[in-house]
Structures are given as structure tokens and as C-alpha cells.
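Please read the structure below before turning to the comments.
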Amino acid sequence: MQDTNELQRQILEVVALIPYGKVASYGQVAKLAGLPKHARLVGYVLKHLDSQSKIPWHRVINSQGKISVHRLNEQGENVQKILLNEEGIYLLNNKVNLKTFGWNT
């Protein structure tokens, strides 16, 4: 098995490719990184990403179009939702429309 740093690098390289205004699922990122069936690893890597990182972690959502809720700002607002809204990606019933905003690779 490859070492953890190599796996992390592969995942972050794919996340960096997600275009502005588009989202990808954890599973999609894993597959593109050459790690099919390792969506949870993608989530783990992004959860532990340095908060100052320029990697667009906020563009990765689950396969149902739902965002994560673990990163909140000082006002208790979901940082991921704010960042997606800034890119013109909006949520309806707390979900992103994957047909509209999904990254087609």
C-alpha cells in the first residue's frame, strides 16, 4: 500500500482541479485519484486539511448533494455553504443540484 502522504497528495491534486462553480462527490474524487471505494479517506483528508490551505475543499460534497456541517464560523454559519454561495452554487433544501453544479469529468 502507498504511504499516507502519497494518498493525501493524490486526493488533494484532484480536489484542486474541481472548477470554480462546480462540486464533486467524495466518491468521485476518490475514483479520479485512483482510489475507488475510498470516499471516506477523501473526507478524512479534507477534514484534516490546514484551515489556511488554498485547496477548494468546500467543492466536495456527498453523493446526495449534501454538504458537511463540521466547519462553522464565529457566527455559527456553515463555512462550506457560504463559500459555495460565493461561487454561485446555491442549496435548495440543504442540497446542491448535482445536475446543475456537478463536475462532469
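Side-chain atoms are counted along with the backbone in the values below, which use heavy atoms only and exclude waters and symmetry mates.
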Any heavy-atom pair between the side chains of [Y] and [X] that's under 4.5 Å?
X	Y	result
Asn97	Ile89	no
Trp103	Arg59	no
Val23	Ile67	no
Arg9	Asn5	no
Val29	Ile18	yes
Asn94	Lys81	yes
Phe101	Ile61	no

Kindly compute the distance separating [atom1] ([X]) from [atom2] ([Y]), expressed to the nearest 0.5 Å.
X	Y	atom1	atom2	answer
Lys95	Asn62	NZ	CG	8.5 Å
Leu12	Leu17	CG	CG	11.0 Å
Lys22	Leu84	NZ	CG	12.5 Å
Leu98	Lys66	CG	NZ	12.0 Å

Handout entry: N/O donor-acceptor pair under 3.5 Å between Asn78 side chain and Gln80 backbone
Key = yes
Handout entry: Between Glu87 and His58, a side-chain donor and acceptor under 3.5 Å
Key = yes
Practice task
Indicate the atoms forming the closest heavy-atom contact of Ala16 with Ile55, along with that distance.
Solution key: CB-CD1, 4.1 Å
Problem - Same apolar cluster (I L V M F W Y, side chains within < 4.5 Å links), Ile11/Tyr44 - result: no
Problem - Same cluster (ILVMFWY, side-chain, under 4.5 Å), Val96 and Ile82 - result: no
Problem - All side-chain hydrogen bond (donor to acceptor under 3.5 Å, both in side chains) counterparts of Asn73, not counting sequence neighbours - result: Gln75, Glu77
Exercise for the section: May I ask you to check whether over 12 heavy atoms, not counting those of Lys31, lie within 6.0 Å of atom NZ? Expected result: no
